[in-house]
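In what follows, chains carry the letters A, B, and so on, assigned in the order in which the sequence lines appear, proteins first and then strands, with residues in each chain numbered from 1. Predicted model only: the values in this text are computed from it and were never measured.
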2 protein chains.
Amino acid sequence: MNIGTAARQSGLPAKTIRYYEDIGLLKADRAANGYRDYSKHDVHRLRFVQRARSLGFSVGECRQLLSLYSDRERASADVKAIAAEKLGQIERKIVELTELHDMLGHLMDNCRGDARPECPIIDGLSGSTSGP
Amino acid sequence: MNIGTAARQSGLPAKTIRYYEDIGLLKADRAANGYRDYSKHDVHRLRFVQRARSLGFSVGECRQLLSLYSDRERASADVKAIAAEKLGQIERKIVELTELHDMLGHLMDNCRGDARPECPIIDGLSGSTSGP
DNA sequence: CCTTGCGCTTCCAGTCGCAGGAACCCTTAT
DNA sequence: ATAAGGGTTCCTGCGACTGGAAGCGCAAGG
């Protein structure tokens, strides 16, 4: 099948699929006319990548996962290790964003948000009122 | 003062300060020898940007905040609106990451992580066991 | 037979926020 | 005079695409 069909079936834009081929993540056969030709198996792998990406795996990690996906002998521990690493990253990011959230929320709570110019948010950013 | 001193006092790398000048965020005077020349006021603004960036504001938002920072007549509501928008973005990102976290955690909980090849993580990514 | 229109191809540029490095100039101290 | 440690500009690259231009392939309609 052509790239457009593969795109619809995998949920990835054709541009992205070409990009993945470009970086050597997933290559397709070529038809006689030069068009990329995708099998069902190719589409499965594209969907696999699409899901992994949407779960926050980087393209590099998708590359690893793809090779683990294709390897019927590999231990599930290998996959779990990658997932655990990613889970840790996600947790750290959540903590970081939560701190950010609280800090910004704190500044906002103290800002009246009216027509007057006094603004604790700006003061907080400029550091003028945060000193000891 | 030279850019290196401004960098130390603002907490921003010199490279970044030059970049900010390049994109028109913050420009500095020039000394006779062509070196950038920073006043205390410039350093204040650099610190301001540094703090805003570390709070997750984009460079574009920093641009807005800087103009609000310099405008003594502006309403605190204007600043609060930008902060509220950013707070909403942060909240949405946290929700998204939490969903990701739970999904991935779920997959991992069901994976034995041993030497055998059966792996619910891979199965989940490939979609083979996720159907209704 | 010719055209229209879509899909496919390649390649180039841009996004965001810098970081790294080359090649060169200026200042200060020895 | 020289060496070290500033500074300057410009170019490249990162990640993961996205948009667009120029040009081919192919089926259908007039």
How many whole angstroms separate atom [atom1] of [X] from atom [atom2] of [N]?
X	N	atom1	atom2	result
A:Y19	D:dG20	OH	P	20 Å
A:I17	C:dT10	CD1	P	14 Å
A:R63	D:dG15	CZ	C1'	12 Å
A:D29	C:dT9	CG	P	13 Å
B:D22	C:dA19	CG	P	14 Å
A:I23	D:dT18	CD1	P	12 Å
A:L26	D:dA16	CG	C1'	15 Å
A:L12	D:dA16	CG	P	14 Å

What are the two closest heavy atoms between [X] and [Y], and how far apart are they?
X	Y	value
B:S10	B:L46	CB-CB, 3.6 Å
A:R47	A:Q9	CD-O, 3.4 Å
A:L97	B:I90	O-CG2, 3.6 Å

Report yes if a side-chain nitrogen or oxygen of B:T16 is closer than 4.0 Å to either non-bridging phosphate oxygen (OP1 or OP2) of C:dA19; otherwise report no.
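Checking C:dA19 against B:T16, a side-chain N or O does come within under 4.0 Å of OP1 or OP2.
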N/O (side chain, B:N33) to phosphate O (OP1/OP2, C:dC25) under 4.0 Å
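So the side-chain polar atoms of B:N33 never come under 4.0 Å of the phosphate oxygens OP1 or OP2 of C:dC25.
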Residues A:D42 and A:S39: side-chain donor-acceptor under 3.5 angstrom
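A donor-acceptor contact under 3.5 Å links the two side chains.
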Please determine whether any donor N or O and acceptor N or O are separated by less than 3.5 Å between the side chain of B:K15 and the base of C:dG17.
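Side chain to base: no pair below 3.5 Å.
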Gap separating the NZ atom of A:K86 from the OG atom of A:S58, nearest 0.5 angstrom
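Nearest 0.5 Å value for the NZ-OG distance: 5.5 Å.
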Within this structure, what is the NE2-CE distance for the pair A:H101 and A:M108, rounded to the nearest 0.5 Å?
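It comes to 9.5 Å.
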Hydrophobic cluster membership, A:L87 vs B:V95, 4.5 Å side-chain cutoff
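Result: no, two separate clusters.
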Summarise protein proximity over nucleotides 3-8 of chain D in one line of letters, 5' to 3': B for base, S for sugar-phosphate only, - for none, counting protein heavy atoms closer than 4.0 Å.
---BSB
Which nucleotide, C:dC18, D:dA16, D:dT18, lies nearest any side-chain atom of B:Y20?
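In terms of side-chain proximity for B:Y20, the closest of C:dC18, D:dA16, D:dT18 is C:dC18.
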